[in-house]
Amino acid sequence: MELRLVLGGPQGAGLETSMTVLARALARLGYGVLADREYFSNIKGRHSYVHMTVSWERIPRSLDYPVHALLAMDAETVLTHFEDIADDAVLLYDAGAEGVTLTQIPSMEDCLKRRLRERLRELGVGEAVGDVVRYLRGRGVRAAGIDYREVLAGVAREHGLLPSQASRYLSAILVAGFVAAYGISEEAVEEAFRERFRGREELVKHNMAVVRAAAPKIREAVGVRELPEPRLGLEEVVVASGNDAVAMGKLVAGLSYQAYYPITPAADESLLLERYEDSAVDGEWVGAVVLQTEDEISAISSVIGAALTGARAATATSGPGFSLMVEALSWAGHNEVPVVITYYQRGGPSTGLPTRGSQSDLMFAVHAGHGEFPRIVISSGDHEEALEDAVWAFNLAERYQLPVIHLLDKFLANSLKTFPIPDTGALSIDRGEVVEGGEGYKRFDLSHTISPRAFIGGGAVMWYTGDEHDEAGHICEDPVNRVRMYDKRMAKLGLIEEGVPTNRKLTYYGDPSPDVLLVGWGSVKGPALDVVEELMAGGFSAAYLHLRMLHPLPAEAVRQYVSEAGVVVAVEHSYEVQVADLIALRAGVRIVNRVAKYTGRPIYRGELLRAVLRFVKGYTGKEVLTYGA
Amino acid sequence: MELRLVLGGPQGAGLETSMTVLARALARLGYGVLADREYFSNIKGRHSYVHMTVSWERIPRSLDYPVHALLAMDAETVLTHFEDIADDAVLLYDAGAEGVTLTQIPSMEDCLKRRLRERLRELGVGEAVGDVVRYLRGRGVRAAGIDYREVLAGVAREHGLLPSQASRYLSAILVAGFVAAYGISEEAVEEAFRERFRGREELVKHNMAVVRAAAPKIREAVGVRELPEPRLGLEEVVVASGNDAVAMGKLVAGLSYQAYYPITPAADESLLLERYEDSAVDGEWVGAVVLQTEDEISAISSVIGAALTGARAATATSGPGFSLMVEALSWAGHNEVPVVITYYQRGGPSTGLPTRGSQSDLMFAVHAGHGEFPRIVISSGDHEEALEDAVWAFNLAERYQLPVIHLLDKFLANSLKTFPIPDTGALSIDRGEVVEGGEGYKRFDLSHTISPRAFIGGGAVMWYTGDEHDEAGHICEDPVNRVRMYDKRMAKLGLIEEGVPTNRKLTYYGDPSPDVLLVGWGSVKGPALDVVEELMAGGFSAAYLHLRMLHPLPAEAVRQYVSEAGVVVAVEHSYEVQVADLIALRAGVRIVNRVAKYTGRPIYRGELLRAVLRFVKGYTGKEVLTYGA
Amino acid sequence: MARDPMAYRTPVWQDWCPGCGNYGIVAAVYRAFAELGLDPGRTVIVSGIGCSGKLPHFVAVNGVHTLHGRAIAFATGIKVANPELTVIVHGGDGDLLGIGMAHFVALGRRNLDITVVLHNNRVYGLTKGQASPTLPRGGMSKGMEKPNIQDPVDPVAVALASGYTFVARSYAFNGLHLKEVLKRAIQHRGAALVEVLQPCATYDKVHTPAYYRERVRDVEKEGWDPIVHSPEEAFEKRLKAVSTALATEDRIPIGVFYQDTHTPTLEDRIAARIGAYQATPPAKKRVDEGGRPLISKERFRELFRDFIIKTR
Amino acid sequence: MARDPMAYRTPVWQDWCPGCGNYGIVAAVYRAFAELGLDPGRTVIVSGIGCSGKLPHFVAVNGVHTLHGRAIAFATGIKVANPELTVIVHGGDGDLLGIGMAHFVALGRRNLDITVVLHNNRVYGLTKGQASPTLPRGGMSKGMEKPNIQDPVDPVAVALASGYTFVARSYAFNGLHLKEVLKRAIQHRGAALVEVLQPCATYDKVHTPAYYRERVRDVEKEGWDPIVHSPEEAFEKRLKAVSTALATEDRIPIGVFYQDTHTPTLEDRIAARIGAYQATPPAKKRVDEGGRPLISKERFRELFRDFIIKTR
Ligand SMILES: Cc1ncc(C[n+]2csc(CCOP(=O)(O)OP(=O)(O)O)c2C)c(N)n1
Ligand SMILES: Cc1ncc(C[n+]2csc(CCOP(=O)(O)OP(=O)(O)O)c2C)c(N)n1
Ligand code: SF4
Ligand code: SF4
Ligand SMILES: [Mg+2]
Ligand SMILES: [Mg+2]
């Protein structure tokens, strides 16, 4: 049903190109693809890898080990991942690096080196790449040792390139490995290269020359096992990262101003928006002004300013940046300003693991900011949801006149996925109650819980202040006015509870009164659904409760689902499994079974299944997942 | 048992002097005093008042209405507070302002004006001060209408002052009012003036001249009702504000570096520390370097820096400033740095009611910062606790190597109180495990949950980083190291749960299995204790559970107390009554009965009692308190 | 075009202290606005936090009273989203030169068409008189426990180093001069700084009206020409403007020190990137068509074609 | 006193890109430290976030790798708490001149004895090459989608406007010059800025080593005297330093532009306030006596006598 593989090599050596080219070629051939990118906080040289699932039956939702192919650019990849592969897997490696030992890899972190050294000793295997390859061959792995330098030198000679120029095509050897081992059409790959290097035909030519030079040798070494024909039945697909999907969603929503300060893993969203700045459809501008500000405080502040003039305005950031936005968030909540903050979680605390994933900012997002004010926190479980929710976020923000935090994570942000073209025409745009204003307009008219909004610049005159205000927006410290204004603001939470359908706030998958209920949000969705499916296939009654609005939480519905299930397990990429705390807080039910993962790596299907089975067998408490390099 | 009074007048006209002088004079005479100061976010001109309880039996813990005396500097005070006074109260007002009507008071906010206008119409009373005084006289109030200008002119003539100079002594008329009506010794007052204006004898002289000129006239108008002899039996007392108490506590703790950015209601703490910068006892420096930084980000960052060198370092702020400190808080948590943040809550959200009180930042303080890391949040219920807890905060910070948030509020910060001299010699100083370090020192040595701490500058070499680190403090993204370091940090919460005695984390007052249990923290303590006392005096079985460590919460003990009580009522100066949410989250019990006050004014004894009695009679849900101008 | 200055006054009570320089500033604002005939619905005052920050409530144009130090950042979003608006920032010296310094400099780098009016009273007024970044070292306000240990920073020098294309100083109680400088600043296309010397009647007993009255000198009257006549001249002119603006113990220059009309504004730069910007800035962009996105599925396919793959 | 430069090198792998200017900087740091014989236990490198921010991990003295933009603020606490330490800040151009600008200026106002080494690579390296505050308008790194629309800011001009008493520029691959300038900066008592022109090999294809090699000119060799010989000279010298430091298309001045030894440091100013400061700075203050506060009840009574009232 699926093929799993890892492509690895030093950061900055073209791995992303290999990933994109393979994903697009596979998409063209009709396969479903999901690819996670793991990398250090480093520009060049540290170990980086792509973990990909290719499916001929559906769009993949999760990743798993062992993989069926390991395509290694360098010695570090072989040594780091040699235990991640299946017994009959394909291994592509550089024959010229066979002699490289652990000691000779400066980019590898010491603790991993120590661990590997110990493990190899345990296995009785030497520390050189060659030793490990021999060991793997012994286990049944089909290894192709290709002399990368030779391949590149050949191409260089053929095309009149300098060796240094040819080395830029190293990553094409990995593409060749895949093409060769699985009998992929070279045409599809060439087209993918062409799309990647639009207008730079010589790059396409050289990359393809490398593919054509390496492929026969690899085929010879490992043989060809053709991938089954795809049965997904899609005629066209989007191939995009989570960052891309959100940017697309924002443009669909009508975003017209985005301010940002660069930060991993959010910045790529803004770069894409910048690329589309000047776009039009049918002669009408559909882009957004994108401003790189001096810091995140300025980003959110300017977004608030833009929103006051009627622009659909947003920013995108991750933990450190969001921390700096907290003061202004409180201003926006107080002043009932519709702004959207796209918040990509990464490994904390502090700088933490800045290029790794996590879901550890839930309670912070829900409680950030001094004083009490309404906000909405929503989250998305995959690319399709993310795109759709990017539109929803603005609708909620404008309907309820408040800040909306769209809580995502690095797993989603940086993973590439194939998915159907969204039916954006069916989405709705809700701007809430907007008026012209005019003489005597009162921005905070107390006769409405949500006072009709006029835009600055639309003709009416209005005031805003961070101080408690009267209906006109002027400072007012009167205790009676205070209570009325405070109540007015807080009453929105009730309106949201009533006004937004429960089935938009959560999705329930599986058996109605299941023996096992998984509860999660965001990137837990994929592995959780796959595990539920496997459990059901194994005869268990199982379900997954997927939360999309985390604040205000649809507490009553959650309470009901949780209380009707047998074993309930909360799953999260964090230490505390905060969603269970949030449910205790709002719904008054305590979920004691928790699956936590906080290595910064995604939850894999297999490890989640194993953990859940332990709970099914009666274990209660916390399970910590740790798989992955 | 107690006398309650309000002194009112325009901000900047000397009200603080009247308060201090009266409080100190009364303290000298052996009375217990508690005085709350209410003022606008304004430097001069807006209405400001002091609400004071004077007791001859004990140190007062709470405030209440109606008051027994209203001493008014201006028309606005009379009109604002005329319904706050008891039927036989003393009213001192300016006879020269009798003709002033509502309309003629530009400083009064419109909504109050509208409300008063309506109320006066209802009562059939005119809108001039004279009308209101007549009405009050009719109710039995003993009003003294003194022509303030005449009094001051007389003193000016006598002492050769210009009228503009004499007007600076307006506030002394209020002092005269009190002195006259309650037969207070003029000597005690003179001494208090002398302490207030140390070395500026002419100010003492002129103030006393005003007192002596006005007192006989007031006495004549209202008669004298002598205060009962005090029975507190204290030989000496401290008279200080909450800001002062915390500053004292910090110096007792050995604070040596405080960085701050001015903000209400925290700044006065730092100013006091600045005054004591150069202090020594027995030739040894006991002050602290106080640095006013360019913003709060710099304040907390520099405090962290100072702490790394071994200094006991702290900052003080309120909501907007704390919001800006959140990013660095996460760094401190991650790097296990002992820092103390004194967090004075004020009315939010955003700028909110910047000079008013609140307790609405509890959940924010507990959850602030991206990623997961241990912190401690403590709070104090009164001046004595605040002083003691300021020491405790450093001990906790250094023992557990983490940031400690000392959560206070404006009510405490700005209220003046008499209290016994603390036995500071009995307090302990705990610096945690400190080592010299030396060759091969590892700051994050994994063989301890709390690695022994060496100071930068002590000889050892060490590294800190916001990224996940190895034992030496260098960046490390390895997943196995990640889990070990993460677990090490988070394990501190367990150590705190075990290591700090429960009776230090909470105090339980009253009947063991009460029919009514109030639950609260911080400034709720005073009114709650007084209400419990009244309930018990009324034959009810009642108790108050006072929380001093809010995170990590002593969940088990709280659960037990709550489950053993009949009616449980959570009380807080906020909308949500967040302490009940926190208890739901940590202890798994949901307190539905909540008393909320969010006007920015303190909870008064009487209104709290009435609310609690409603719960006793079977009401469940939320009660919102609103008393106070 | 000109209007009645008092039409710009709101009924909100002005709760500054008697004698405060802010009264002079707000009066000049009324008159400048009136003479420029600014449309209240198309004008926005954005302020920070402080005594100065209250100003928008007293002026009958749109008012956005923001956060301490962040007025420029809020204003940036307002102006970029709707460049038709006249946007004026009022902030304190603490606000703009301390906590907000990063934004103050960034505005210069952008040359966005905003006028920044800096109320320089040398103290943190609203928090009761602590030293601000313009108080001289050794100075001591009435709110301080000890003399200042930090050196002052000169906003004119920083603005010139940051790229502001209009830089001026005036004095709160020289109403005519201030009004004229405000008008010129507002009319200037680009980032404009007007530093206003503003006596704080309550906390600063040194920099009083008497102090300033004796010392201020209008350099333009003395012959200084602030205009950058050609782009090449800009660097030299900036340096000369710094020396011209230098305040000493007995001479405080006021006037416009620098005006450069050759540098494109941020709006120009954005317009060069985005064809539709001038006609349809973000505030006016159409977002929906009958409650549906403009980007239908068909248009999505077209717009994001680079991301879409037709399968074989 | 001098030591072996390599003794200052940690075994941590330096994961900068091949050809990165940071290699030149760290090499100069090793040599400068060695020649100054800095005691590793009494030296602290404080850095921000960025490629530049990793530097402390590669140097065998105390290292504090802080938050983006906040290195100066952390360093301020370290230095004030323990003035005996040699404190050096390393930060990127984005870090110090963008998000951290308020702290950058504040350090000048304090003249605290810290050396700030600004790694000016004109991009945000670690976030993949976006424009930094020093990239010229119209410039475009390999990480950008569109040319830069913001103007650059000159750190030398801002430092001079802010009160730094030592201001210099050097170039990452002119090892000898950089080493000497670093030594002079560290030896200077007061706030020192060393702007280092640092090629980013990956994202900036314009400001390459070849670009700099052709253009840098050592102004001191050409006769510039950076020393402020008397306090009166300071203002004029500062202005001249700004023109001397001005970089153009074909000439980039390096060298020390300004050095003033007349302005007291923050440490001096604090010492003037607190008698014990020099002998017992905050880091060394005694906190307890056998686990009890130094301020016993008796001492409390004495110390806080102003707050204590004996009742009648
Ligand atoms: C983040 C934050 N920190 C601190 C404050 C408290 N605060 C209010 S006004 C003010 C200073 C005002 O000084 P300045 O900017 O010079 O304005 P002025 O009052 O002198 O006009 C401060 C620090 C705040 N509101 N927000
Ligand atoms: C608050 C915050 N915002 C954003 C980031 C992301 N970030 C990491 S490095 C960097 C920029 C680095 O540029 P620069 O300071 O010039 O250093 P360089 O990498 O060029 O040496 C940014 C924005 C962060 N770490 N923290
Ligand atoms: S404190 Fe100073 S600046 Fe503020 S209103 Fe009063 S006089 Fe004006
Ligand atoms: S991205 Fe640039 S600055 Fe960063 S390490 Fe690479 S070459 Fe150096
Ligand atoms: Mg000011
Ligand atoms: Mg840089």
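Residue numbering restarts at 1 for every chain, and letters A, B, ... go by the order of the sequence lines. Both backbone and side-chain heavy atoms feed into the values below; hydrogens, waters and symmetry mates do not. Quick caveat, the model's predicted, so the values are computed rather than measured.
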* Nearest heavy-atom neighbours spanning D:Phe307 and B:Ala240 -> CD2-CB, 4.1 Å
* Structure fact -> Interatomic distance, NE2@B:His474 vs CH2@D:Trp13, rounded to 0.5 Å, equals 15.5 Å
* **Contacting moiety of B:Ala426, where chain D heavy atoms sit under 4.5 Å** => backbone
* Would you mind checking which part of D:Val59 comes under 4.5 Å of any heavy atom in chain B, side chain (CB onward), backbone (N, CA, C, O), both or neither? => backbone
* **Contacts of type side chain to side chain donor-acceptor pair (under 3.5 Å), residue D:Asp4, not counting sequence neighbours** => none
* To do: Mind listing the closest non-hydrogen atom pair of D:Val80 and B:Tyr257 along with its distance?
  => CG1-CE1, 3.7 Å
* Does any heavy atom of chain D fall under 4.5 Å from the side chain of B:Leu427, the backbone, both, or neither of them? -> both
* Listed by residue number, which members of residues 22-32 of chain B have a heavy atom under 4.5 Å from any heavy atom of chain D? -> B:Arg24, B:Ala27, B:Arg28, B:Leu29, B:Gly30
* Do the side chains of B:Ile429 and D:Arg292 get nearer than 4.5 Å, heavy atoms only? -> no
* Asked: Side-chain contact, heavy-atom cut-off 4.5 Å: D:His65 with B:Asp467?
  -> yes
* Looking at B:Leu255, B:Thr418, B:Val391, B:Leu308, which one has more heavy-atom pairs under 4.5 Å with chain D than the rest? -> B:Leu255
* Side chain, backbone, both or neither of B:Arg275 within contact of chain D (heavy atoms, under 4.5 Å) -> side chain
* Kindly write out the residues that satisfy salt bridge (Lys or Arg N to Asp or Glu O under 4.0 Å) with D:Arg9, not counting sequence neighbours, or none if the list is empty. => none
* So, are B:Glu294 and D:Arg109 salt-bridged, with charged N and O less than 4.0 Å apart? -> no
* Portion of B:Asn335 that has a non-hydrogen atom of chain D nearer than 4.5 angstrom -> neither
* **Shortest non-hydrogen separation from B:Ile475 to D:Lys54 and the atoms involved** => CD1-CG, 4.3 Å
* To do: With a 4.5 Å cut-off on heavy-atom pairs, point out which of B:Glu284, B:Arg312, B:Glu195 contacts chain D the most.
  => B:Glu284
* To do: Kindly compute the distance separating CG (D:Asp288) from CG (B:Asp430), expressed to the nearest 0.5 Å.
  => 9.5 Å
* **Residue part contacting chain B, namely of D:Leu266, when any heavy atom lies under 4.5 Å** => side chain
* To do: Examine whether an atom of B:Val337 lies under 4.5 Å from a heavy atom of chain D, and if so say whether it belongs to the side chain, the backbone or both; otherwise answer neither.
  => neither
* Structure fact -> Cut-off 4.5 Å, heavy atoms of chain D, and the answer for B:Glu439 is neither
* With a 4.5 Å heavy-atom cut-off, do B:Glu235 and D:Lys310 have their side chains touching? -> no
* **Rounded distance (nearest 0.5 Å) linking atom CG of D:Leu294 with atom CG of B:Leu251** => 11.0 Å
* Measuring from B:Thr293:OG1 to D:Arg110:CZ, what's the distance to the nearest 0.5 Å? -> 6.5 Å
* Is there a side-chain contact between D:Thr10 and B:Trp463 (heavy atoms, below 4.5 Å)? -> yes
* Looking at D:Ala73 and B:Ser301, what are the two nearest heavy atoms and their distance? -> CB-CB, 3.5 Å
* Structure fact -> Shortest non-hydrogen pair, D:Thr311 vs B:Leu234, comes out as OG1-O, 2.6 Å
* Please state whether the side chain, the backbone, both or neither of D:Leu303 comes within less than 4.5 Å of a heavy atom of chain B. => both
* Give, for atom CD1 of B:Ile297 and atom CG of D:Leu67, the distance between the pair rounded to the nearest 0.5 Å. => 9.5 Å
* **Part of D:Val44 lying under 4.5 Å from any heavy atom of chain B** => side chain
* Compare every heavy atom of D:Asn82 with every heavy atom of B:Gly457, then report the nearest pair and how far apart it is. => CA-ND2, 4.1 Å
* **Pairwise distance CD1(D:Ile274) to OH(B:Tyr276) - rounded to 0.5 angstrom** => 15.0 Å
* Ring center gap for B:Trp285 and D:Tyr277 short of 6.0 angstrom -> no
* Asked: Measuring heavy-atom distances to chain B, does D:Ile270 have an atom under 4.5 Å in its side chain, in its backbone, in both, or in neither?
  -> side chain
* To do: Could you tell me whether D:Arg299 and B:Asp282 have a side-chain N and a carboxylate O separated by less than 4.0 Å?
  => yes
* Would you call B:Glu191-D:Arg312 a salt bridge at under 4.0 Å N-O? -> yes
* Asked: chain B heavy atoms under 4.5 Å from D:Asp306: which part of the residue, side chain, backbone, both or neither?
  -> both
* To do: Specify which of D:Glu302, D:His68, D:Arg301 makes the most heavy-atom pairs with chain B at under 4.5 Å.
  => D:Arg301
* ring-ring contact (aromatic ring centres under 6.0 Å, His included) with D:Phe300: which residues, sequence neighbours excluded? -> D:Phe304
* D:Ser47, part contacting chain B, at a heavy-atom distance under 4.5 Å -> neither
* Atom group of B:Asn395 that falls short of 4.5 Å from chain D, counting heavy atoms -> neither
